[in-house]
Amino acid sequence: MPERLQKLLAKHGIASRRQVETWITEKRITVNGEIAKLGCQAEATDTITLNDEALVLAPTKKHQHLMYNKPCGEICTREDPQGRPTVFDNLPPLENSRWINIGRLDVNTEGLLLFTTDGDLANQFMHPKNEVPRTYLVKTTDEITAERKKQLSKGVKLEDGMARFDDIKLLENQQAIVTLHRGKNREVRRLFESQGLKVMRLKRIAFAGVTLPKGMPRGDLMILQTLSLG
């Protein structure tokens with residue numbers, strides 16, 4: 001039965017729905033020789049190409065998931081024109097499928113990053129309406145005073161709207177554990193910068209109920225048997 005192209009490709013682990021929509025907008029996908037348009041439908045038996053290369057839509061099978069302890073210096077793209085290492089370099093190879101990163105961490109942020117072969121699931125995790133919680137360990141250049149903590153909990157107006165931490169737990173040595181339910185670009189760093197604090201170290205330690213194991217070495221990965229929004 002035909003279904004929306006982005007849903008079909010996500011179901012077969014080609015990419016997330018959002019990524020497929022981007023490819024369609026950029027006119028990089030064809031269906032049976034015709035350039036795909038947003039809203040078009042297709043079946044697994046159709047001839048679908050990406051960048052003029054045929055996509056193999058294998059029969060759907062059990063999806064795979066893993067967590068990765070991202071080191072600083074790696075970027076969250078498959079390739080980099082500058083030749084920098086990417087988070088995909090050390091992932092196990094797949095046949096007739098591909099790893100999809102659930103969200104991103106900037107090049108200078110380390111810690112928990114999730115991958116899946118299930119494009120639909122990745123889309124659910126990344127959709128703003130689901131407000132997936134993210135928890136970070138932060139070290140700043142100066143003390144996070146009670147007044148600063150109060151302001152960061154109450155809310156700060158950034159250039160793209162109001163933002164706040166849902167929870168802030170102060171630690172020693174100018175460190176804190178913070179949680180928020182949004183994933184705007186550099187949001188944690190910008191919140192602290194709004195209070196005159198520069199972030200020296202930023203590490204994601206939990207995401208959507210998945211916690212990075214203590215002592216897990218940077219660059220290591222762990223296969224997850226299940227992964228869901230709970």
Side-chain angles (χ1 to χ4, degrees), residues 65-77 84-87 90 101-116 121-122 124-222 224 227-230:
H65 323 285
L66 61 81
M67 73 161 67
Y68 178 63
N69 189 3
K70 175 190 175 298
C72 286
E74 292 185 357
I75 60 172
C76 291
T77 58
R84 293 173 295 180
T86 85
V87 296
N90 297 319
N101 49 311
I102 301 177
R104 295 171 179 259
L105 295 176
D106 67 45
V107 66
N108 294 318
T109 301
E110 60 184 293
L112 176 61
L113 192 61
L114 297 177
F115 291 85
T116 182
L121 181 63
Q124 292 175 35
F125 271 95
M126 292 184 286
H127 201 292
K129 73 176 183 180
N130 290 321
E131 297 187 338
V132 174
R134 301 154 166 84
T135 300
Y136 298 83
L137 173 64
V138 186
K139 182 174 177 60
T140 60
T141 53
D142 202 356
E143 180 185 1
I144 306 171
T145 62
E147 181 58 35
R148 283 167 165 162
K149 177 183 177 182
K150 179 180 178 180
Q151 189 61 54
L152 289 169
S153 298
K154 180 179 178 181
V156 175
K157 186 174 183 180
L158 303 177
E159 60 267 27
D160 51 357
M162 293 296 296
R164 59 181 288 271
F165 290 123
D166 299 298
D167 185 68
I168 304 177
K169 180 181 179 181
L170 300 183
L171 306 175
E172 296 179 345
N173 301 320
Q174 297 154 210
Q175 296 185 94
I177 294 177
V178 300
T179 299
L180 70 167
H181 286 75
R182 301 170 70 184
K184 290 186 177 181
N185 184 43
R186 298 183 69 255
E187 187 168 8
V188 174
R189 296 181 187 275
R190 290 188 292 138
L191 275 166
F192 279 105
E193 288 169 0
S194 74
Q195 304 304 302
L197 297 170
K198 183 178 180 180
V199 173
M200 299 175 62
R201 184 190 183 198
L202 183 59
K203 178 179 182 180
R204 185 157 70 188
I205 58 176
F207 179 77
V210 179
T211 301
L212 190 71
K214 291 184 179 180
M216 184 176 181
R218 295 182 182 90
D220 271 16
L221 55 87
M222 180 184 297
L224 301 176
L227 184 63
S228 68
L229 282 172

Not counting sequence neighbours, list each pair that qualifies as a ring pair (Phe, Tyr, Trp, His ring centres under 6.0 Å) and has a residue in residues 124-157.
none
Taking only residues two or more places apart in sequence or in another chain, which ones pass ring-ring contact (aromatic ring centres under 6.0 Å, His included) with F207?
none
Could you pull out all residues at least two apart from E143 that satisfy salt bridge (charged side-chain N to carboxylate O under 4.0 Å, His left out)?
none
L227 side, atom CG; Q124 side, atom CD - distance, nearest 0.5 Å
10.0 Å
Over all atoms of both residues, closest heavy-atom pair of H181 and P133:
NE2-CB, 3.7 Å
According to side-chain hydrogen bond (donor to acceptor under 3.5 Å, both in side chains), who are the partners of Q151, at least two apart in sequence or on a separate chain?
none
Donor-acceptor contact present, side-chain E74 to main-chain P85, <3.5 Å:
no
Minimum heavy-atom separation for T77 to T86, with atom names?
O-CB, 2.9 Å
Residues in ring-ring contact (aromatic ring centres under 6.0 Å, His included) contact with F192, at least two apart in sequence or another chain:
F165
Should we say atom CD of E172 is surrounded by more than 12 heavy atoms from elsewhere, each under 6.0 Å from it?
no
With sequence neighbours excluded, what pairs up with E147 under the salt bridge (charged side-chain N to carboxylate O under 4.0 Å, His left out) test?
none
Got a list of side-chain donor-acceptor pairs under 3.5 Å for residues 103-116, not counting sequence neighbours?
residue, atom, partner, partner atom, Å
R104, NH1, C76, O, 2.8
D106, OD1, N108, N, 3.0
D106, OD1, T109, N, 3.0
D106, OD1, T109, OG1, 2.8
D106, OD2, T109, OG1, 3.3
D106, OD2, R189, NE, 3.3
T109, OG1, R189, NH2, 3.2
E110, OE1, R218, NE, 2.9
E110, OE2, R201, NE, 3.1
T116, OG1, Q64, O, 3.4
T116, OG1, H65, ND1, 2.9
T116, OG1, D118, N, 3.0

With sequence neighbours excluded, what pairs up with D160 under the side-chain hydrogen bond (donor to acceptor under 3.5 Å, both in side chains) test?
R190
Interatomic spacing from CD in E193 to NZ in K198 - rounded to 0.5 Å
8.5 Å
What's the spacing between R134 CZ and I205 CD1 if we round to 0.5 Å?
14.5 Å
Could you tell me which residues satisfy side-chain contact (heavy atoms from CB on, under 4.5 Å) with A163, sequence neighbours excluded, listed by chain and number?
L158, R182, E187, L191
Check for a donor-acceptor pair, side chain of K139 on one end and backbone N or O of N173 on the other, with a separation under 3.5 Å.
yes
For a side chain to side chain contact (heavy atoms under 4.5 Å, CB included) check, start with the C-alpha distance between N90 and Y68, then their side-chain angles and the critical distance, and finish with the verdict.
CA-CA 10 Å; N90 297 319; Y68 178 63; 3.9 Å; yes
For D166, check salt bridge (charged side-chain N to carboxylate O under 4.0 Å, His left out) against everything at least two apart and list the hits.
R164
CG-OG1 distance between L170 and T145, expressed to the nearest 0.5 angstrom:
9.0 Å
Heavy atoms of R148 and L197 approach each other most closely as NH1-CD2, 3.4 Å
Can you see which heavy atom on P71 is nearest to which on G219, and at what distance?
CG-N, 3.7 Å
Shortest non-hydrogen pair, I168 vs K149, comes out as O-CE, 3.3 Å
Could you pull out all residues at least two apart from T179 that satisfy side-chain hydrogen bond (donor to acceptor under 3.5 Å, both in side chains)?
T135
Nearest-0.5 Å distance that lies between atom NZ in K169 and atom CD1 in I144
13.5 Å
Output all residues satisfying side-chain contact (heavy atoms from CB on, under 4.5 Å) with M216, sequence neighbours left out; order by chain, then residue number.
M67, N69, L212, P213, D220, M222
